[in-house]
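Every chain is numbered from 1 and lettered A, B, ... according to where its sequence line falls, protein lines coming before strand lines.
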Amino acid sequence: MNSESNVSSKPVFAILKERGALPNNTVAAHLITPGAPPKVVDLHTPVPEDSQLEALPATHPDALAVIRHSSAHVMADAVQRLFPGTKVAFGPATDNGFYYDYDKPGAPFTDDDLRAIEKKMGEIVAADQRFTREKVSPEQAREVLQKTNETYKLEHLERLVAAGEEISLYKHGEWVDLCEGPHVPSTRYLKAFQLTMVAGAYWRGVETNPMLQRIYGTAFADKKALEDYLKQLEEAKKRDHRKLGKELELMTFHPWAPASPFFLPRGAAIYNALIEYVRKLYVRFDYIEVITPQIFDRELFVTSGHLPAYAENMFLAASKENIENVCEHLAKVHEKEGGKLDAAEVEKALVEGIRFGVKPMNCPAHALMFGSTRRSYRELPMRVADFGRLHRFERSGVTQGMTRVRTFCQDDGHIFCALDQVQSEIESFVDLVYAVYKDFDFTEVRVVIATRPDVRIGADEIWDKSEKALIDGVEAKGLKYEIAPGEGAFYGPKIEFHLKDAIGRSWQLGTMQADFNMAERFDLSYVGVDNAQHRPVALHRAILGSIERFFGVLIEHVSGAFPTWLAPEQITLLTVSEKFDDHAKQVLKKLKAAGIRATADLSGDKLGAKIRIARNMRIPYRAVVGEKEVESGGLSLSSRDENKDLGMLSLDEVIAKLLHEGVPPSLRAS
RNA sequence: GCCCAGGUAGCUCAGAGGUAGAGCACCUCCUUGGUAAGGAGGAGGUCGCGAGUUCGAUUCUCGUCCUGGGCUCCA
C-alpha cells in the first residue's frame, strides 16, 4: 500500500477494461503480488498501471465475501434510516453471510423489524448507489464519526491510529462507514440477500462490555445460490443429532439432569461399540487401561491446579457432615462478630468445608497412580487409558445437545514418557488419530494448535518447550495446521483435531496436549539408565475426544445410518404374516447365537408397513420371512446402503456377510 | 452468565380470557396380507413449574426451570 511506484496509477476497472479482461459479472479483483496471497481490491481503487490483476466474478469465494460485506453496509444504512439513534459497531462478512452489531436504544429488534429492514435494503439496492472509498487522515475520520456520534467506530478508530493503520471511509449514497473495504462497485450488485436472525453480542466479544444487537444475514451472487443455501440448511436440520437421536431412540434428556444425556438401549449399543473399538486399538498400540475414582478430596485438585484455575467448571461435593461443620463454624463466627458475617468469610468457610470435588479430568488420578510406586525408565513410555466418567459444570447458555454436555466420557489417556520420547509419541498418535477417523469416513479434519491461555499454571520456559514439541510433531507429519493463540488448556498447549457437524459448526474431538507441569506438581519421577531420578513428561490425549460429542457428530455425519459394525440392530426379520412367526423366531435365535444384533418385527402390520418402519430406523439389512423362506431355509435380504433387494441368501451366507461387516473396516480380514 | 425465541398427549404440531384438538405411536378387535403406512374402536393432557391480575388464566403480567439460536468458554 505504501510502495512507491514511478508508474502512474489508475482505477482497477480502467486497467482491466483496457486489457479486455473485465467480464460483465465482475464485482472486484485480485491484486497479485508474486510470493504473496492475492489481495482483494475494489474496482475503483487506483493501483499502478502495470499491476497484475485478475477480475473476480460474483461467484468467486473472495467476491462473495465482498458482496456480503457490502450487504452489511446496506443493512446498517437501512437500520439507521428506520431506527434513528442506533449506533453501529462491527459488520464483517462471515463464512456463510454477514452481520452487523448495533447499539439500539429501547427494545431489541423483532422479526418484523428484520422484514422492514430487508425491504428498506431493497430500496437502497434499487437506487443503484455507488460505493466510494476515501483515504483520510485520522482527524478527518474523527470529524466525520463525531458528527454522526458513532462512539464505537470512534473507539475503533483510535485503535487503528495507535496501530499505525491506513484509515479509509467507505460511502454509498449518504451513508458513511469507517471501513477498510473492499466493496462492490454499486448497491445494484447485491442481488440476493436475506436477514436471518437477531442475537445478542458483546462489544468486541468481551463479556464485561455492553451487549449489542447483532443482526445476521446471508447474501449470494444470485437468487438461485441463495435458495440453494437455504435448502441446504433445511437438509442439515434433518440430520441434526438432537432430532435423529429422538427419532431413532438413541438418547433422551430430562430437566432434572440438564445437559446430561440418557443413552437409551439403541444409543447405549452404539456407545459401547465405540468404546469396544477403541479398546481393541489399545491392545495394538500398547496402552494399559485403568479405572479411577469419581470423587476426590479437594487436596488432589489443589495439587493438580484445578483449584482455582478450573474451579468454575467443577462440581464440588460435600457430605452432610461437611455442611454441618461449615454451619457450626459460621454460627460461631456469627456470634463472636456480634451478628455480622461478611461474604468473603462465608465463601472461605464453604470452599474449605466442602471437602470433595467430582473429577472434571482423569489426569490427576493418573498422576497419583504413576506416583504410587517406584518407576523405571524401562516402563516408559507408559500409556495409561481410562474411560472414566467426567463432570464439568458448563454455564447454562453454552450446552448443546450431545456436543456440549455436563457429563461425558473421553477415550482418555495419558502417556508418561521421557523427554526424548515426546516427539515420537506425538507422531505415532497423529497416525493413530488419522487411522481412526478413516474408519469413520471422516475426511475433513482441521488441525489447530492452541497456545498458552491467560489463566495458566507453569513457567513460560515450560510453555515454550511444550508449544515447540507440538508444532515439531505436527510438522514432522507434514500436516497443515492453524494456531489458536490463547486457546490452550490451563496446564499445557494442545493439538486439536476438529470435525464439522451438519450445520457446519466445527467441534474439537481428538486432542493431544504436552504437559510439563503435572509431573512437577505431583513430584513424579522415574529412575533413569544413570540411576538418577528424572521427571517424566505427561502427554494428555484423546482420539474420539468425548464419546458423547463424537457420537453427536457421527450421527450427523451418517444421517443416523450407522455402518453395520456400529448399528444397534444389524438386521431385522420381517414376517409376511403371523404364520411365519415361529420360523422367524428360530432364525432370530441362530443369528443371535452367531453374535449378530438381530430383531424381528412380529407385529400385525403388513409387510409394506414393516419395511417402512425398518427403513425409517435405518437398519442396515432387512430380511423377509414368508412361505418361500420357510421352504428354502434362506432369507430374502435387502440392503439399506445399496438400497436394493439382494435376493435369496442362505442363512450361512447372511451370517458370514454380517460378521464381515460387523467389524470396523481397518480390522476386517480381507 | 448475558441477549433473543420457545415449552400444549410418547412424537410432530394446531388452538384460544369461559377448565383443549389433529396425525403418528400405544391398547383391543377385524383382516393373514410378499417389498415405503389395511380397517374399526379405545385409552391418553393439573397446556413446564410457582405466584399475581380477573367472577374465571393453559391463554394476560412477573418470577423460575428447561430447550433452541447467538455472545463467551471448552472435549
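Using a 4.0 Å heavy-atom distance criterion, A:E548 is classed as making no nucleic acid contact. A:A259 comes within contact range of the sugar-phosphate backbone alone, with a heavy-atom separation under 4.0 Å but no base atom that close. A:G510 comes within 4.0 angstrom of nothing in the nucleic acid, heavy atoms only. Heavy atoms of A:V405 sit under 4.0 angstrom from at least one base atom. Among the heavy atoms of the strands lying under 4.0 Å from A:Q410 are primed sugar atoms or P, OP1, OP2 only; no base atom is included. Counting non-hydrogen atoms under 4.0 angstrom, A:G397 reaches a base of the nucleic acid.
When the C1' atom is used for both B:A43 and B:U59, the distance is 27 Å, rounded to whole Å. When the C1' atom is used for both B:U8 and B:U19, the distance is 14 Å, rounded to whole Å. Annotation: B:G48 and B:G15 have their P atoms spaced 15 Å apart (nearest Å). Nucleotides B:C13 and B:G68 place their P atoms 14 Å apart, quoted to the nearest Å. The separation of B:G70 from B:C60, taken at their P atoms, amounts to 27 Å, rounded to a whole angstrom. B:A14 sits 37 Å from B:U72 when the C1' atoms are compared, rounded to a whole Å. Taking the P atom of each, B:C24 and B:G39 are spaced 9 Å apart, rounded to whole Å. Going from the C1' atom of B:C73 to that of B:G17 covers 44 Å, rounded to whole Å.
Rounded to whole Å, the distance from OH on A:Y102 to P on B:G70 is 18 Å. Between the C1' atom of B:U67 and the CZ atom of A:F262 lies a distance of 15 Å, rounded to the nearest Å. We find that CZ of A:F490 is positioned 17 Å from P of B:C73, with the value rounded to whole Å. Protein atom CD of A:Q400 is 18 Å distant from nucleotide atom C1' of B:G1, rounded to whole Å. Computed from coordinates, the A:I215 CD1 to B:A5 C1' distance equals 15 Å when rounded to whole Å. B:G70 atom C1' lies 11 Å from atom OH of A:Y99, rounded to whole Å. For the pair A:F253 CZ and B:U67 P, the computed distance is 8 Å after rounding to whole Å. Distance, A:I613 CD1 to B:C24 P: 13 Å, rounded to whole Å.
Between A:F90 and A:H156, the ring-plane angle classifies as perpendicular under the 30° and 60° cut-offs. Between A:H306 and A:F301, the angle of the ring planes goes over 60°, which puts this pair in the perpendicular group of the 30/60° scheme.
For the side-chain hydrogen bond (donor to acceptor under 3.5 Å, both in side chains) test with A:E394, the passing option among A:R406, A:Q400, A:R404 is A:R404; the others fail.
In this model, no side-chain donor or acceptor of A:R395 finds a partner on the base of B:C74 within 3.5 Å. With hydrogens and angles ignored, no donor-acceptor pair under 3.5 angstrom links the side chain of A:R214 to the base of B:C3. Side-chain atoms of A:Y202 stay outside donor-acceptor range of the base of B:G70, with no qualifying N/O pair under 3.5 Å.
Contact check for A:W203 versus A:E155: side-chain heavy atoms found under the 4.5 Å cut-off. Two residues are said to be in side-chain contact when any heavy atoms from C-beta on lie closer than 4.5 Å; A:M75 and A:F98 meet this criterion. Side-chain contact between A:F262 and A:M251 is absent, with no heavy atoms from C-beta onward closer than 4.5 Å. The side-chain heavy atoms of A:L539 and A:F416, taken from C-beta on, include no pair separated by under 4.5 Å. Between A:L230 and A:Q194 there is a side-chain heavy-atom pair separated by less than 4.5 Å.
Remark: B:G1 base-pairs with B:C71; criterion is Watson-Crick or G-U wobble with both hydrogen-bond distances under 3.5 Å. When both distances must be under 3.5 Å, the Watson-Crick or G-U wobble mate of B:U64 is B:G48. The pairing partner recorded for B:U54 is none, the criterion being a Watson-Crick or G-U wobble arrangement whose two distances lie under 3.5 angstrom. Pairing of B:U12, defined by two Watson-Crick or G-U wobble distances under 3.5 Å, is identified with B:A22. Within the shown strands, nothing qualifies as a pairing partner of B:U59 under the Watson-Crick or G-U definition with both distances less than 3.5 Å.
With B:G70, B:C74, B:C4 as the candidates, the nucleotide lying closest to the side chain of A:M197 is B:G70.
With respect to A:R115 and A:E118, a salt bridge is recorded, a charged nitrogen being found less than 4.0 Å from a carboxylate O.
Both A:G545 and A:W256 lie close to RNA chain B; mapped to their nearest nucleotides by heavy-atom distance, the more 5′-ward contact belongs to A:W256. Taking the nucleotide of RNA chain B with the nearest heavy atom to each of A:K246 and A:S396, the more 5' of the two is matched to A:S396.
Checking side-chain atoms of A:Y437 against main-chain N and O of A:I543 turns up a donor-acceptor pair under 3.5 Å.
For the pair A:Y216 and B:C71, the criterion of a side-chain N or O lying under 4.0 Å from OP1 or OP2 is met.
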| Per-nucleotide protein contact string for nucleotides 33-38 of chain B, where B marks a base within reach and S marks sugar-phosphate only (heavy atoms under 4.0 Å, - for neither) | BBBBBB
